[in-house]
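Just so we're on the same page: letters track the sequence lines, and every chain starts at 1.
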There are 2 protein chains.
Amino acid sequence: MAGRRTDTRERIEQVALELFAERGYDKTTLQEVAERLQITRPALYYHFRTKEAILGSVVDRIGESIDELVGWARGQPATVESRREILRRISELLEDQWRPLFRFAQVNQGAMRDLPAGERLRAGVVSMLSLLAMPGAGAIKQFEARLAVFAVVLGSVPFLFDIGLDESERAAVALEVATKLISDD
Amino acid sequence: MAGRRTDTRERIEQVALELFAERGYDKTTLQEVAERLQITRPALYYHFRTKEAILGSVVDRIGESIDELVGWARGQPATVESRREILRRISELLEDQWRPLFRFAQVNQGAMRDLPAGERLRAGVVSMLSLLAMPGAGAIKQFEARLAVFAVVLGSVPFLFDIGLDESERAAVALEVATKLISDD
DNA sequence: GTCTATACTCGGATAGAC
DNA sequence: GTCTATCCGAGTATAGAC
């Protein structure tokens with residue numbers, strides 16, 4: 001790819017991420033994507049074979065991002081403190097980088113149902129949820145470990161937990177509840 | 001409505017619920033809906049003004065179902081035991097009736113984004129999540145109360161918590177974790 | 001290698017006959 | 001209450017300009 005002369009492909013991905021998150025995959029027209037990029041509709045077909053291929057490409061990026069976190073977390077020691085550190089890291093990523101990606105995934109989860117990239121993303125999410133589970137633990141503890149990750153994620157969804165807190169306060173509360181869930185009691 | 005001679009409208013809703021849940025709203029064509037009902041495509045337009053109206057009608061039914069639960073729960077006394085009873089009831093509904101509705105909502109959550117019925121459904125879900133929250137409690141307790149409801153719901157999603165348990169075992173574990181979350185500790 | 005012009009197909013929607 | 005005919009718009013394919 002070193003010889004490529006334009007960055008159109010990446011710009012398409014960028015615009016698609018925005019539009020698909022805003023209006024949803026199926027309600028977004030390739031006309032709109034092309035217009036925002038100031039190119040013509042068929043020009044998109046030079047870079048991607050189909051509309052679905054654009055979606056797949058965007059979803060792949062999100063998958064990579066999650067796999068990266070999972071890779072890092074798996075390298076951490078299996079102590080209680082490092083499990084808390086993992087939760088903090090997830091919370092941080094949600095606030096700094098993952099918010100738009102997360103929104104995209106939520107809105108388009110129907111559209112990526114039978115995509116290979118969608119399958120891979122789901123696998124990544126499952127891995128992430130399992131990150132804090134101690135292999136030998138009982139079913140209750142296993143469930144709590146997964147729920148802890150979920151709690152942190154849910155803390156970043158505004159409308160579900162509208163308890164009169166702003167963004168970062170809500171994230172802090174979610175993190176605290178999650179931490180409690182993985183501590184022995 | 002007493003004088004109506006066929007039940008086509010309800011049959012359309014029924015088939016739409018099935019197909020939209022299986023294949024997603026946008027990937028389902030009205031042709032398929034019509035075929036399964038043994039009528040022609042434009043015939044659907046006698047009963048519903050648009051494809052979206054069919055979706056709205058289905059979503060409305062789900063909203064009613066949730067509102068019904070919320071209404072019942074609000075009539076319960078504010079004791080710890082009755083809050084546990086509410087969790088049990090939700091768990092029961094998920095296993096007996098809500099599974100297909102829940103799947104539908106998950107797959108099509110993008111498609112119902114700007115529908116009035118979708119807005120109402122979201123409001124219902126928020127009400128349901130808030131059901132166990134004690135008004136005067138602090139942010140942590142408020143969050144835990146909502147997470148408890150979420151835990152029960154998540155217990156019914158197979159792939160997220162694949163910890164080698166069958167359906168009803170997983171529901172039982174989720175219910176136990178949820179109950180622990182709303183108990184004082 | 002990158003894009004435009006043009007044309008084809010199919011699905012959602014409407015008007016009006018029966 | 002349902003069907004026939006028809007329109008329109010979006011995704012897609014291809015030829016060819018630069």
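- Heavy atoms of other residues, nucleotides or ligands lying less than 6.0 angstrom from CD of B:Gln38 number 12 at most.
- The interatomic distance linking B:Gln38 (CD) with D:dT2 (P) rounds to 13 Å, in whole Å.
- Both A:Ile140 and B:Phe161 belong to a common hydrophobic cluster when Ile, Leu, Val, Met, Phe, Trp and Tyr are linked at side-chain heavy-atom distances under 4.5 angstrom.
- D:dG9 atom C1' lies 13 Å from atom CG of A:Leu30, rounded to whole Å.
- Atom CD in B:Glu52 sits about 12 Å away from atom P in C:dT14, given to the nearest Å.
- For B:Pro42, the side-chain atoms get nearest to C:dT14 when compared with the rest of D:dT12, C:dA5, C:dT14.
- To the nearest angstrom, P of D:dA10 lies 21 Å from CZ of A:Phe48.
- Relative to the ring axis of A:Phe20, A:Lys27 does not place its NZ or CZ within 45° and under 6.0 Å from the centre.
- Contact annotation: A:His47 does not reach the phosphate of C:dG1 (side-chain N/O to OP1 or OP2, under 4.0 Å).
- We find that CG of B:Leu44 is positioned 13 Å from P of C:dT14, with the value rounded to whole Å.
- For the residue pair A:Glu10/A:Gln14, the side-chain donor-acceptor check at 3.5 Å is not satisfied.
- Straight-line distance from the OH atom of A:Tyr25 to the C1' atom of D:dG11: 9 Å, rounded to whole Å.
- Put simply, CD1 on B:Ile54 is 15 Å from P on C:dG11, counting in whole angstrom units.
- On a pure distance criterion of 3.5 Å, no polar donor-acceptor pair joins the side chain of B:Arg41 and the base of C:dG11.
- Residue B:Thr50 places no side-chain N or O under 4.0 Å from the OP1 or OP2 atom of C:dG12.
- In this structure, NZ of A:Lys51 is placed 12 Å from C1' of D:dT12, rounded to the nearest angstrom.
- Listed pair A:Thr8 / C:dT2 fails the phosphate criterion, with no side-chain N or O lying under 4.0 Å from OP1 or OP2.
- For A:Thr29, a side-chain nitrogen or oxygen approaches OP1 or OP2 of D:dG11 to under 4.0 Å.
- Put simply, B:Tyr46 has no side-chain N or O that comes within less than 4.0 Å of OP1 or OP2 on D:dT2.
- One finds no side-chain N or O of A:Thr40 lying less than 4.0 angstrom from the OP1 or OP2 phosphate oxygen of C:dC3.
- A donor-acceptor pair under 3.5 Å links the side-chain atoms of B:Thr28 to the main chain of B:Gly24, judged by distance alone.
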